[in-house]
Amino acid sequence: MEYTRDIDNRWSFKEADTKEYTHCYHNYPAMMIPQVARTLMDEFCPKGKFELIFDPYAGSGTTLVEASIKGINSVGTDLNPLARLMSRVKTTHYDLDTIENLFSEIQFKIGFYFPSKVQNRNFDRISNYTFWYSEDSLLRLSYLNQLIESLDDYKDFFRLILSEVVRESSFTRNGEFKRFKMSEKQLKLFKPEVFKLFVTKGMRNINGLRQFNAIKRLPECTKICGFNSAIEIPSDIISNSSVDMVVTSPPYGDSHTTVAYGQFSRWANEWFGFENAKNLDSILMGGKKSAKEYFETESIRDILDEIKAKDFKRYQEVTSFLNDYWSSIKNVAKVVRNGGMICYVVGNRTVKGVQIPLDYFTAEMFEKCGFTHKITIVREIPNKRMPSKNSPTNVAGMKASTMSNEYIVIMEKNCD
Ligand SMILES: C[S@@+](CC[C@H](N)C(=O)[O-])C[C@H]1O[C@@H](n2cnc3c(N)ncnc32)[C@H](O)[C@@H]1O
């Protein structure tokens with residue numbers, strides 16, 4: 001079984017500005033770079049009608065922003081409420097003057113901050129809050145929240161700024177997605193300036209919004225949803241054979257042993273009282289363990305057997321993810337029209353020293369659903385959006401090498 005890989009340096013976009021427009025808002029694990037989504041839409045768009053793009057793992061909304069810039073309708077879904085907030089805010093053309101005025105008002109009010117002005121001092125929704133925050137930070141965050149919650153239609157723009165501050169003023173170790181507390185030595189030096197962080201990030205986002213609003217606006221509609229494509233794609237949101245192109249980057253394994261989206265997002269999800277804040281990682285792909293394989297594979301059969309022989313538990317983790325992934329692919333395949341294109345940006349992680357070629361598996365599964373493999377582009381990840389080392393044992397400091405390439409699997413749904 002051959003799925004041709006093409007190593008193409010052009011796709012590393014080494015010199016590119018990945019923070020243009022609203023792409024500069026809020027960090028998120030394993031973000032796709034805008035240039036990848038943009039170039040896929042330019043170079044691999046389907047023949048004929050090109051009106052609807054779908055991203056079944058929308059994350060921070062990179063694909064949706066790029067679709068919006070091109071004036072193409074899009075639907076994105078993600079089970080993570082923080083990801084949906086990001087996608088919503090990044091694709092909204094807020095009125096710049098209003099945003100600037102509101103931002104000035106907030107800055108004015110924080111200039112006259114006194115702890116006695118804080119109305120909500122109940123932090124019970126945040127697990128172990130005294131372990132993660134100083135009292136001073138909690139009160140300042142609560143004050144910002146108080147100012148933001150009165151802003152009606154503009155609230156989300158400022159909530160997204162606050163979300164980053166909530167995480168960065170906690171005692172979590174910087175630069176890691178998982179929740180590990182700083183060392184005693186780091187804690188002594190750590191003096192988070194909550195208001196300053198908020199103002200700096202606010203200015204950055206307003207600049208991004210200015211750039212985004214300056215692009216000629218084309219008519220389009222962006223829908224952001226919270227359904228799980230591994231269960232079903234609701235037909236009232238996307239009907240069968242209606243999608244022209246899928247541009248997405250799925251997780252490359254379950255969140256417990258790969259990228260911890262739930263842990264990274266828990267700060268904001270708990271702060272805003274969003275659903276599933278505490279158990280998100282267990283509802284994402286591969287979060288529920290399944291005892292057997294529900295797919296048939298030739299492309300990675302030997303690999304799975306090798307992992308099974310080495311460590312049965314790790315094998316079960318991998319197959320639980322692949323079961324969900326296969327269910328999702330079957331559902332995604334149905335909503336793509338004949339002649340439509342799918343572009344999956346995947347990572348091939350290593351488990352027990354064995355690399356799992358998720359690009360082969362992706363191509364094989366879509367082939368079973370009537371797609372033809374066009375090409376798999378191998379791109380180098382230059383600026384380490386993915387951890388090249390992670391901590392699969394959940395032990396702080398224990399690292400294992402993961403990957404530094406991405407594989408972009410490009411396929412076309414066969415015309416009858
Ligand atoms: C690699 S990230 C997507 C990154 C995105 N392309 C971006 O640029 O930010 C994968 C996303 O899949 C989401 N996810 C995992 N399992 C899911 C599921 N079953 N249904 C919907 N989203 C899921 C995670 O919450 C995460 O946001």
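One-based numbering, in listed order, for ligands and for the atoms of each. Just so we're clear, the structure is a prediction, and the values are computed from it rather than from any experiment. Each residue takes its place number in the sequence, starting with 1.
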* To do: For Asn228, take its heavy atoms, then give the atoms of ligand 1 lying under 4.0 Å from any of them.
  => 18 (C), 19 (N), 20 (N)
* **Closest to atom 8 (O) of ligand 1 among Val345, Thr62, Asn80 (heavy-atom distance)** => Thr62
* Any luck finding a side-chain donor-acceptor pair between Ser229 and Ser328 under 3.5 Å? -> yes
* **Short side-chain donor-acceptor distance under 3.5 Å, Glu364 and Ser299** => yes
* Asked: Is the backbone of Ser74 close enough, under 3.5 Å, to the side chain of Lys223 for a donor and an acceptor to pair up by distance?
  -> no
* **Sequence-distant partners of Glu293, side chain to side chain contact (heavy atoms under 4.5 Å, CB included), two or more places apart** => Phe295, Arg301, Leu304, Tyr315, Thr319
* With only distance considered, is Ser249 within less than 3.5 Å of ligand 1 through an N or O on each side? -> yes
* Check: Phe212 ring centre within less than 6.0 Å of Tyr21 ring centre -> no
* Polar contact flag, side-chain donor to acceptor under 3.5 angstrom, Glu270-Ser127 -> yes
* Could you list which atoms of ligand 1 come closer than 4.0 Å to a heavy atom of Met31? => 7 (C), 8 (O), 9 (O)
* Asked: Under a 4.0 Å heavy-atom limit, does Ala58 contact ligand 1 with its side chain, its backbone, both, or neither?
  -> backbone
* Structure fact -> In terms of its nearest heavy atom to atom 9 (O) of ligand 1, the top option of Ser60, Pro34, Gly59, Pro81 is Ser60
* What atoms of ligand 1 come within less than 4.0 Å of a heavy atom belonging to Met32? -> 6 (N), 7 (C), 8 (O)
* Under 3.5 Å: N/O of Thr77 near N/O of ligand 1 -> no
* **Pro29 N/O under 3.5 Å from ligand 1 N/O** => no
* Set of ring pair (Phe, Tyr, Trp, His ring centres under 6.0 Å) partners for Tyr344, sequence neighbours left out -> Phe366
* Are any of the heavy atoms in Pro56 under 4.0 Å away from ligand 1? -> yes
* To do: Select the closest option to atom 18 (C) of ligand 1 among Leu64, Asp78, Ile33, Leu79, judged by heavy-atom distance.
  => Leu79
* Would you mind running through ligand 1 and noting each atom that sits below 4.0 Å from a heavy atom of Tyr28? => 9 (O), 25 (O), 26 (C), 27 (O)
* With distance as the sole criterion, is a donor-acceptor pair present between the side chains of Ser142 and Asn120 under 3.5 Å? -> no
* Output field: ring centroids Tyr325/Phe321 closer than 6.0 Å -> yes
* Structure fact -> atom 2 (S) of ligand 1: of Tyr57, Tyr261, Tyr252, the nearest heavy atom sits on Tyr261
